[in-house]
Colleague: 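Submitted below is the structure of interest, expressed as structure tokens.
Hydrogens, waters and symmetry mates play no part in the numbers below; they use all other heavy atoms, side chains included. Chain identifiers are assigned alphabetically (A, B, ...) following the order of the sequence lines, protein sequences preceding nucleic acid strands; residue numbering begins at 1 within each chain.
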2 protein chains.
Amino acid sequence: MENEVGHEIADALGILLKRTTRTQLHKHLTEGMGKAVDELTYPILSALARTGPRSAADLAPDAGLDRSGVTRRASRLEAAGLIRREPDPTDRRASLLVLTDKGEHTVAELRERLAAHIAASLNSWPPGDAQTFARHLRRFITEGPFV
Amino acid sequence: MENEVGHEIADALGILLKRTTRTQLHKHLTEGMGKAVDELTYPILSALARTGPRSAADLAPDAGLDRSGVTRRASRLEAAGLIRREPDPTDRRASLLVLTDKGEHTVAELRERLAAHIAASLNSWPPGDAQTFARHLRRFITEGPFV
DNA sequence: CACAATAGCGTGCGCCGCGCACGCATCAGG
DNA sequence: CCTGATGCGTGCGCGGCGCACGCTATTGTG
């Protein structure tokens, strides 16, 4: 078999996806954050944190679901006080989904917890490897097969 | 911020998971394989391919769902001729889920396609980087934060 | 050997999230 | 001003899931 690396990565990703899909980790990380932050609504929070206020229609393809789905999830997040709907100044039909301070804080803390969780198990790696891995992973994201 | 690598990896994984969750890629990869192989049933196939015949109860935690869920998905896969139920010789209550030849071939081809898809976009990387990345990724799976 | 307790499997039930289609409000162009 | 197009939110039906139950087979106990 010539395509050794491809298979290696493919298998690893398969396992990784299965592992991270488990709600267990997410439940552990969201300890005490309220029911609104589940593995369904988190992609919305994360996307907003990365790209800033956006409309539901913009968010839909990024979240991998229908506009109506974004609406519903956003409503839940709004009820929990993590985001708010702001009228689009240039278009009165549209509303912009924007993180509240509480939302910003929540996603920041979640990111922090995940990073700590990852770093904790990586301190046994040889010194440079973690940095190299992080760099490769970033390139894999930005230039890889899943763009 | 001191935990640079952790954040780097955390963000990259977040993006990666969002990307790979999209049904688009899976639909592309399963082109012409029939409706039975969807992103719901694939974990079952993959687990069987990795570990050999297993009971539904064994598979449940690995697939991240209830035993009844495994039963239902297995039934669909059985109807599609990808797996079959074999009586457990040591326990006549239990049935072992085992890949048929067609199932073996299907999962092998899917793995092949994914590996090719990955390798294709990695041939622009510097020669050694892909191997290093694959090695690190494997270690990340086996010793990392998601075991 | 008889009988109770346990374990594995499959199924009915209710819940929930999703896509689809529709209605409503707004915008853009004639 | 009027018509078609666009963005949003909601009712509807579908489908997957967990839970609880029944059935069968196994194990343990006297």
Colleague: Under the rule for side chain to side chain contact (heavy atoms under 4.5 Å, CB included), what residues qualify as partners of L99(A), not counting sequence neighbours?
Modeller: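 Only L45(A), L48(A), A49(A), I83(A), E104(A), V107(A) meet the side chain to side chain contact (heavy atoms under 4.5 Å, CB included) criterion with L99(A).
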Colleague: Side-chain polar contacts of residues 123-134 of chain A - donor-acceptor pairs under 3.5 angstrom, sequence neighbours left out - could you list them?
Modeller:
residue: N123(A); atom: ND2; partner: A120(A); partner atom: O; Å: 3.2
residue: D129(A); atom: OD2; partner: R139(B); partner atom: NH2; Å: 2.7
residue: T132(A); atom: OG1; partner: G128(A); partner atom: O; Å: 3.0

Colleague: Does any pair with a residue in residues 78-90 of chain B pass salt bridge (charged side-chain N to carboxylate O under 4.0 Å, His left out), and if so which ones, sequence neighbours excluded?
Modeller: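 Pairs touching residues 78-90 of chain B that pass the test: E78(B)-R85(B), R84(B)-E86(B).
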Colleague: What string of B, S and - do you get for nucleotides 4-13 of chain C, 5' to 3', when a contact is any protein heavy atom under 4.0 Å?
Modeller: ---BSBSBB-
Colleague: Listed by chain and number, what are the side-chain hydrogen bond (donor to acceptor under 3.5 Å, both in side chains) partners of R67(A), not counting sequence neighbours?
Modeller: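 R67(A) satisfies side-chain hydrogen bond (donor to acceptor under 3.5 Å, both in side chains) with no residue once adjacent residues are dropped.
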Colleague: In whole angstrom, what separates L77(A)'s CG from dG9(D)'s C1'?
Modeller: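 Whole-Å distance recorded here is 16 Å.
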Colleague: For D66(A), what residues pass the salt bridge (Lys or Arg N to Asp or Glu O under 4.0 Å) criterion, not counting sequence neighbours?
Modeller: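 In terms of salt bridge (Lys or Arg N to Asp or Glu O under 4.0 Å), with neighbours along the sequence ignored, D66(A) is linked to no residue.
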